[in-house]
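Bear in mind that the values here come from a model prediction, so they are computed numbers and not experimental data.
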Amino acid sequence: MQETEIPEVRLIASPSNWIEGAAVRQLEKTASLPGMRLAVGLPDLHPGKGSPIGAAFAVEGYVYPALVGNDIGCGIGLWRTGLSARKLKREVWADRLRNLDNAWDGDAREFLGARGIEPSGCEHCLGTIGSGNHFAELQAVESIASPESCEQLGVTGDAVYLCVHSGSRGFGEAILREHVAQFGSGGLAAGTGAADQYLARHDHARHWASANRELVAVRMFERLKTVGTRLVDVCHNWVEQRDVAGHRCWIHRKGAAPSTGGAVIIPGSRGAFTYIVVPKEPGEQSAFSLAHGAGRKWSRSDSRARLEKRFSAKDLTRTELGSHVICEDKELLYEEAPQAYKNITIVIDDLVKAGLVEVLAVLKPLVTYKVRR
């Protein structure tokens, strides 16, 4: 790519959406990196550390580990459980979800090996959710917009579903830390030994993160005395190659779901609906990407300051939709309150109006698990 070429910066958001100016400025600044051809801000765009979250970048000739971030492979999975939605037992299910934050007592190497994944050195964290915006949530169908498509996917109104949002735990962070120590925050020329080494470790972390979500689900099923079938697994922080305007580019996703792999789950905040959508046009318009969630409206410190005087910690363990929230970390409870996030309905509407997705179904939260001391 010639230095004189100006990359395109595109924001997919309606006037009714909440998009901070700081996030747009980060998007524009990131678009000035060498090799950048396209920078797309999705409807859940919000400020991150250096580069925005809820964005996708098409880069020719370079790989930028910093644009993927420190939680390589972070993503979301959906399982259909053997629990019945006809008899919702929120209190019983919530009480059974214990000892999920401790290290798994099984053989992590064997679990990974059965899936063709090498150990990472972070196996003590395998099968744990993690902190921040990560969660595991029992859900039920609120509405189905496309019965035939839902049936093909395995979604019916009589089942309870488990949604797990987690990543590579400390593994991805170690990879990024090593990169920064050696190369700083700059990019790597594609095709070089350094880039190939990063991409190999990136792929390892991505597969490890998927296995982590699976083991979180397995541990929850054991406590709920049920079984489950995975329907969807989507990665939000990763890089892959795609053609953009006739050029082979590396698509960097930082908090963005791919529009190239079938059905996608887009959750709101805890206490908000989760949407199952199918991409309509997996193309260059959105850098082959979709929103990955609602996106933050307030920073974590702002959330605590705004909400601590209005709500007690106990108030935040129940939501307007009647769901239970298990979070025995008071600061995290305030930081991750529903009010801290944008309106997921507007985010989905923006994707629909842009011709990017069709909504298949809407799921409502029953029990959200964050952390239990």
Legend entry - Note, Thr226 side chain near Trp79 side chain (heavy atom, < 4.5 Å): no
Inset, instruction - Any chance you could measure Cys327, atom SG, to Leu316, atom CG, to the nearest 0.5 Å? - result: 9.5 Å
Legend entry - Rounded distance (nearest 0.5 Å) linking atom NE2 of His207 with atom SG of Cys235: 9.5 Å
Inset, instruction - Quick one: closest heavy-atom pair of Asp350 and Ser14, and the distance? - result: OD1-OG, 2.7 Å
Legend entry - Linked, directly or transitively: Val362 and Val277 (ILVMFWY side chains, under 4.5 Å): yes
Legend entry - Salt bridge present between Lys89 and Asp95 (N-O < 4.0 angstrom): no
Inset, instruction - Indicate if Ile175 and Leu199 have the same hydrophobic cluster label, given that clusters are the connected sets of ILVMFWY residues with side-chain heavy-atom separations under 4.5 angstrom. - result: yes
Inset, instruction - Using atom types as modelled and distance alone, determine if a side-chain donor or acceptor of Lys370 lies under 3.5 Å from a backbone N or O of His134. - result: yes
Inset, instruction - With side-chain contact (heavy atoms from CB on, under 4.5 Å) as the test, would you mind laying out the steps for Val141 and Leu363 before giving the verdict? - result: CA-CA 4 Å; Val141 171; Leu363 305 177; 3.7 Å; yes
Legend entry - Sidechain N-carboxylate O distance under 4.0 Å for Arg242, Glu284: no
Legend entry - Sidechain-backbone polar pair: Ser259 side chain, Pro279 backbone, donor-acceptor under 3.5 Å: no
Legend entry - Check: Gly255 main-chain N/O paired with Asn237 side-chain donor or acceptor under 3.5 Å: yes
Inset, instruction - Give, for atom CG of Leu45 and atom CD1 of Ile12, the distance between the pair rounded to the nearest 0.5 Å. - result: 10.5 Å
Inset, instruction - Could you tell me which non-hydrogen atom of Ala39 sits nearest to which non-hydrogen atom of Ala31, and how far apart they are? - result: CB-CB, 3.8 Å
Legend entry - Straight-line distance of Thr368 OG1 to Gln139 CD, nearest 0.5 Å: 8.0 Å
Inset, instruction - Kindly check if the number of other-residue, nucleotide or ligand heavy atoms within 6.0 Å of CD (Glu328) is above 12? - result: yes
Inset, instruction - Locate the shortest heavy-atom distance separating Arg37 from Cys249; write the atom from each residue and the value. - result: CD-SG, 3.9 Å
Legend entry - Non-hydrogen side-chain atoms of Ser168 and Asn212 separated by less than 4.5 Å: no
Inset, instruction - State plainly whether one hydrophobic cluster holds both Ile117 and Val218, where clusters connect Ile, Leu, Val, Met, Phe, Trp and Tyr through side-chain heavy atoms under 4.5 angstrom apart. - result: yes
Inset, instruction - Step by step, work out the side-chain contact (heavy atoms from CB on, under 4.5 Å) result for Ile72 and Tyr198. - result: CA-CA 11 Å; Ile72 302 167; Tyr198 169 77; 3.9 Å; yes
Legend entry - Main-chain N/O of Pro65 paired with His179 side-chain donor or acceptor, under 3.5 Å: no
Inset, instruction - Heavy atoms only: give me the nearest Pro267-Ile76 pair and the separation to one decimal. - result: CG-CD1, 3.6 Å
Legend entry - Criterion side-chain contact (heavy atoms from CB on, under 4.5 Å) against Glu137, the qualifying member of Leu162, Leu78, Val367, Thr274: Thr274
Legend entry - Tyr334 side-chain N/O to Phe311 backbone N/O, donor-acceptor pair under 3.5 Å: yes
Legend entry - Qualifying residues under ring-ring contact (aromatic ring centres under 6.0 Å, His included), relative to His292, sequence neighbours excluded: His236
Inset, instruction - Verify, without hydrogens or angle tests, whether Arg169 (side chain) and His124 (backbone) share a donor-acceptor contact under 3.5 angstrom. - result: no
Inset, instruction - Run the salt-bridge test on Glu336 and Arg300 with the 4.0 Å N-O cut-off and return the result as yes or no. - result: yes
Inset, instruction - Verify, without hydrogens or angle tests, whether Arg372 (side chain) and Leu97 (backbone) share a donor-acceptor contact under 3.5 angstrom. - result: yes
Legend entry - Main-chain N/O of Ile129 paired with Ser166 side-chain donor or acceptor, under 3.5 Å: yes
Inset, instruction - Using the rule that two of Ile, Leu, Val, Met, Phe, Trp, Tyr join whenever any of their side-chain heavy atoms come within less than 4.5 Å, decide whether Val371 and Leu366 are in one cluster. - result: no
Inset, instruction - Could you check if a side-chain atom of Val278 sits within less than 4.5 angstrom of a side-chain atom of Ser149, using non-hydrogen atoms only? - result: no
Inset, instruction - Would you give the length of the straight line joining atom OG of Ser120 to atom CG of Leu126, rounded to the nearest 0.5 angstrom? - result: 7.5 Å
Inset, instruction - Would you indicate whether the side-chain heavy atoms of Leu27 and Val9 approach each other to under 4.5 Å? - result: yes
Inset, instruction - Would you check, one step at a time, whether the test side chain to side chain donor-acceptor pair (under 3.5 Å) holds for Asp101 with Tyr369? - result: CA-CA 10 Å; Asp101 306 289; Tyr369 187 98; 2.6 Å; yes
Legend entry - Steps toward side chain to side chain donor-acceptor pair (under 3.5 Å) verdict (Asp315, Ser312): CA-CA 5 Å; Asp315 290 337; Ser312 69; 3.1 Å; yes
Inset, instruction - Heavy atoms only: give me the nearest Asp233-Gly77 pair and the separation to one decimal. - result: OD1-CA, 3.7 Å
Legend entry - Candidates Val227, Thr81, Val216, Leu83 - the one meeting side-chain contact (heavy atoms from CB on, under 4.5 Å) with Phe221: Thr81
Inset, instruction - Ignoring hydrogens and angles, tell me if any N or O in the side chain of Arg80 forms a donor-acceptor pair with the backbone of Gly154 under 3.5 Å. - result: yes
Inset, instruction - Under the side-chain contact (heavy atoms from CB on, under 4.5 Å) rule, what do Val357 and Tyr275 come out as? Steps first, then yes or no, please. - result: CA-CA 11 Å; Val357 303; Tyr275 288 77; over 6 Å; no
Inset, instruction - Would you mind reporting whether Arg10 and Gln285 have side-chain heavy atoms less than 4.5 Å apart? - result: yes
Legend entry - CG on Asp203 to CD on Glu240, rounded to 0.5 Å: 10.5 Å
Inset, instruction - Decide yes or no for Arg310 and Leu307: does some side-chain heavy atom of the first lie under 4.5 Å from some side-chain heavy atom of the second? - result: yes
Inset, instruction - List in chain and number order the residues that pass ring-ring contact (aromatic ring centres under 6.0 Å, His included) with Trp104, two or more places apart in sequence or in another chain; answer none if no residue qualifies. - result: Phe111
Inset, instruction - Take Arg248 and Gln241 through the test side-chain contact (heavy atoms from CB on, under 4.5 Å) and record every step on the way to the result. - result: CA-CA 7 Å; Arg248 195 65 172 164; Gln241 281 191 301; 3.7 Å; yes
Inset, instruction - Please step through side chain to side chain donor-acceptor pair (under 3.5 Å) for the pair Arg270 and Thr319, ending with a clear verdict. - result: CA-CA 8 Å; Arg270 65 165 197 254; Thr319 73; over 6 Å; no
Legend entry - Sidechain-backbone polar pair: Ser323 side chain, Leu321 backbone, donor-acceptor under 3.5 Å: no
Legend entry - Positive for side-chain hydrogen bond (donor to acceptor under 3.5 Å, both in side chains) with Ser303, one of Glu308, Glu335, Lys297, Arg296: Arg296
Legend entry - Cys74 vs His165 side-chain heavy atoms within contact, under 4.5 Å: yes
Legend entry - Step-by-step side chain to side chain donor-acceptor pair (under 3.5 Å) determination, Gln26 to Ser51: CA-CA 5 Å; Gln26 284 187 338; Ser51 59; over 6 Å; no
Legend entry - Pairs touching residues 192-202 that satisfy salt bridge (Lys or Arg N to Asp or Glu O under 4.0 Å), sequence neighbours left out: Glu178-Arg201
Inset, instruction - Taking all heavy atoms of Trp208 and all of Cys125, pick out the closest pair and write down the distance. - result: CH2-C, 4.3 Å
Inset, instruction - Establish whether Phe57 and Val239 are linked, either directly or via other cluster members, by ILVMFWY side-chain heavy-atom contacts under 4.5 Å. - result: no
